[in-house]
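These values consider heavy atoms only, across backbone and side chains, with no hydrogens, waters or symmetry-generated copies. Reminder, nothing fancy here: chain letters follow the sequence lines and each chain counts from 1.
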Amino acid sequence: MLVTRPRGTNDILPGDTEKWQYVESLLRDICTRFGYEEIRTPIFEETDLFKRGVGDTTDIVQKEMYTFQDFGGRSLTLRPEGTASTVRAYVENKLYGGVQPAKYYYIGPMFRYEKPQAGRFRQFHQFGIECFGAAGPTADAEVISLAWQFYRDLGLKGLEVHINSVGCPKCRPKHRKKLQEFLAPKLPELCGTCQGRYEKNPMRILDCKSPICQELSAGAPTTLECLCDECREHFQEVLRLLDAAGIQYQIDNRLVRGLDYYTKTAFEIIVDAIGAQSAICGGGRYDGLIEELGGQPTPGVGFALGMERVFPTLKVQGIELEIPKAMDVFVAVMGQKPQAEGFRILTELRHAGIKAETDSLGRSLKAQMKYANRFNVAYTVILGEAELEAGRAVLRNMSDSSQEDVPLADIVKVICEKMGQEA
RNA sequence: GUGGAUAUGGCGAAGUGGUUAACGCUCCGGAUUGUGGCUCCGGCACUCGAGGGUUCGAUCCCCUCUAUCCACCCCA
């Protein structure tokens with residue numbers, strides 16, 4: 001084969017696309033229930049948007065972005081995540097002039113230059129929501145509750161909500177200072193990346209996976225201990241709301257999100273099903289981001305979940321989605337003359353909203369029946385020279401093999417009645 | 001970027017330094033005349049990821065490359 005798909009991308013094929021559509025429509029339905037509206041932004045943006053939005057020091061910006069120059073010399077980047085674009089669109093289109101809070105959802109492909117492995121791809125698909133303009137804890141709780149609702153509706157089990165608060169610009173510097181003081185004597189023993197983090201972003205040392213760093217940072221001052229009054233109250237209120245909604249959670253004071261824009265609430269939903277990947281969903285509050293991207297100071301909360309991680313989870317948990325069958329009726333035709341009449345019936349069935357298929361390869365009746373059987377249709381119309389002359393067609397019930405003669409003039413109506421549809 | 005594993009017909013999967021490379025599934029066709037799901041029969045035709053090398057001879061041995069999978073890192 002001359003050309004194959006780019007590394008880390010996937011062809012989503014029939015058989016799977018139905019599952020994607022099912023999940024997507026469930027998500028849309030839930031969003032409608034929660035008052036979130038869809039927003040669609042460009043697949044690529046000015047590179048600067050992500051540098052400022054996601055954070056210059058993050059791995060995503062430093063080594064994972066698909067950045068290119070267009071013929072006009074602009075630096076553009078395939079979006080690595082959805083929040084920055086949504087904020088940009090909110091500010092650029094002056095959506096702050098509308099109803100508040102502004103609640104949006106998006107769903108679509110994201111791009112990161114990663115080494116592919118289980119649950120990780122270079123083009124992957126995220127569903128996410130963003131709520132702008134609500135500073136209070138209700139918004140945080142609602143966002144988590146929406147994600148929870150989705151997993152509940154899908155029937156997934158054993159999911160854990162991990163939650164933490166990373167503070168705000170008022171209390172974070174205090175924590176940073178305390179943390180650096182705590183780690184200073186252990187600095188030489190930390191792993192290479194964490195030594196670098198010490199200056200740039202010491203908070204990230206807390207969720208380093210290296211056992212050595214974990215041990216060294218054990219007992220380190222947590223963000224929770226250093227929260228200012230406002231952040232502490234906010235966090236406690238979020239927890240109280242989750243309790244009220246019956247959502248179980250675990251406080252995880254080592255949970256720190258990898259994107260720079262988070263403030264206060266940070267959360268992940270964890271499941272053990274996708275190889276080394278555990279987070280099926282992640283999000284939190286980002287009260288400084290909108291201002292950072294040129295808007296008025298506006299609070300925001302949201303999350304994103306990876307579509308490529310929900311399907312393996314469904315599989316591991318043995319959950320079958322209820323996908324409606326693809327065909328209701330097959331029209332089998334023999335001979336030249338009946339062909340046109342068969343096509344007329346086929347067309348009218350489809351007009352009536354019935355899923356109908358026919359043979360387009362001129363196969364024998366036997367082969368057509370076999371073909372019909374593969375579609376698992378409820379009825380097959382059989383039309384040959386003899387039937388045509390008699391002005392009737394055979395209607396075969398495929399489940400009990402019973403047959404009846406139906407006048408050609410009535411066949412569509414009869415089928416519609418049987419299928420419980422309106423002619 | 002680092003490390004490990006694997007690469008055989010549409011899919012799954014045997015196999016050996018040397019005549020026609022198993023098998024299962026799928027697909028297509030057929031089994032007395034115009035009828036499915038079961039059964040039976042036949043077909044899908046030099047091909048063993050790519051390129052070199054060793055050898056009289058390699059799908060099985062060596063080298064290189066590529067791809068895929070998995071893990072680290074990071075994330076959804």
Side-chain angles (χ1 to χ4, degrees), chain A residues 1-10 13 15 54 57-64 79-83 107-128 147 191-194 196-197 204 207-211 213 255-259 267-271 274-284 302-313 330 332-335 338 359 361 363-388 393-403:
Chain A
M1 176 173 273
L2 208 58
V3 178
T4 55
R5 62 175 185 271
R7 179 145 224 233
T9 64
N10 285 115
L13 305 174
V54 179
T57 63
T58 59
D59 281 6
I60 292 179
V61 169
Q62 286 190 337
K63 46 188 198 193
E64 295 184 352
R79 61 182 187 194
E81 57 101 54
T83 301
I107 183 162
M110 306 292 166
F111 305 84
R112 294 183 199 172
Y113 188 80
E114 306 217 44
K115 195 101 178 254
Q117 69 184 68
R120 299 177 60 183
F121 305 96
R122 292 187 173 176
Q123 172 172 338
F124 59 104
H125 298 77
Q126 281 191 334
F127 161 85
C191 76
T193 37
C194 281
R197 285 165 171 162
R204 294 206 50 80
D207 74 344
C208 180
K209 304 290 189 302
S210 151
C213 296
L255 170 60
V256 175
R257 312 252 55 240
L259 287 65
F267 75 94
E268 283 181 357
I269 297 182
I270 305 292
V271 68
I274 326 145
Q277 264 55 246
S278 56
I280 192 171
C281 160
F303 76 79
L305 66 85
M307 297 288 282
E308 281 83 356
R309 294 187 181 179
V310 347
F311 297 104
T313 309
F330 187 87
V333 174
M334 285 159 295
D359 167 67
L361 298 181
R363 284 184 273 214
S364 68
L365 178 60
K366 181 196 194 69
Q368 290 189 59
M369 294 302 291
K370 234 173 183 173
Y371 188 52
N373 193 244
R374 299 183 51 231
F375 291 117
N376 194 225
V377 294
Y379 293 95
T380 297
V381 175
I382 299 169
L383 186 63
E385 308 272 357
E387 286 79 9
L388 190 64
V394 173
L395 183 59
R396 181 179 178 88
N397 180 327
M398 296 298 275
S399 51
D400 64 12
S401 299
S402 64
Q403 297 193 163

Could you list the protein-to-nucleotides 66-71 of chain B atom pairs, N/O on both sides, closer than 3.5 Å?
from    : atom 1 : to      : atom 2 : distance (Å)
rU68(B) : OP2    : R7(A)   : NE     : 2.5
rC70(B) : OP2    : A118(A) : N      : 2.8
rA71(B) : OP1    : A276(A) : N      : 2.6
rA71(B) : OP2    : Q117(A) : NE2    : 3.3
rA71(B) : N7     : Q117(A) : OE1    : 3.4

Protein-nucleotides 25-33 of chain B N/O pairs under 3.5 Å:
from    : atom 1 : to      : atom 2 : distance (Å)
rC27(B) : OP1    : R374(A) : NE     : 3.1

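Scanning for side chain to side chain contact (heavy atoms under 4.5 Å, CB included) contacts around S399(A) gives N397(A), with sequence neighbours left out. Contacts of P116(A) classified as side chain to side chain contact (heavy atoms under 4.5 Å, CB included), with partners at least two apart in sequence or in another chain: R7(A), R122(A). E114(A) pairs by the salt bridge (charged side-chain N to carboxylate O under 4.0 Å, His left out) definition with R120(A), not counting sequence neighbours. When the ring pair (Phe, Tyr, Trp, His ring centres under 6.0 Å) test is applied to F311(A), the partners found at least two apart in sequence or on another chain are W20(A). With sequence neighbours excluded, the residues satisfying side chain to side chain donor-acceptor pair (under 3.5 Å) with E308(A) are H125(A). When the salt bridge (charged side-chain N to carboxylate O under 4.0 Å, His left out) test is applied to E268(A), the partners found at least two apart in sequence or on another chain are R257(A). Taking the side chain to side chain donor-acceptor pair (under 3.5 Å) definition, one finds that E64(A) meets it with nothing, sequence neighbours left out.
A heavy-atom distance below 4.0 Å to RNA chain B is reached by these residues of residues 375-388 of chain A, ordered by number: I382(A), A386(A), E387(A).
One can find a donor-acceptor pair under 3.5 Å joining the base of rU35(B) and the side-chain atoms of Q403(A).
As judged by a 4.0 angstrom heavy-atom cut-off over every strand, E268(A) is placed among residues making no nucleic acid contact.
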Subject >> Base-pairing string, 5' to 3', of RNA chain B - Watson-Crick or wobble, under 3.5 Å, | interstrand >> reply: (((((((..(((.....[....))).(((((.......))))).....(((((..]....))))))))))))....

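Across the protein-nucleic acid pair, L255(A) atom CG and rA76(B) atom P stand 11 Å apart, rounded to whole Å. Rounded to an integer number of Å, the gap from N373(A) CG to rU35(B) C1' is 11 Å.
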Scan the side chains in residues 367-382 of chain A for donor-acceptor partners under 3.5 Å anywhere in the protein, sequence neighbours excluded, and list what turns up.
from    : atom 1 : to      : atom 2 : distance (Å)
Q368(A) : OE1    : V333(A) : N      : 3.1
Q368(A) : NE2    : V333(A) : O      : 2.8
Q368(A) : NE2    : R363(A) : O      : 3.0

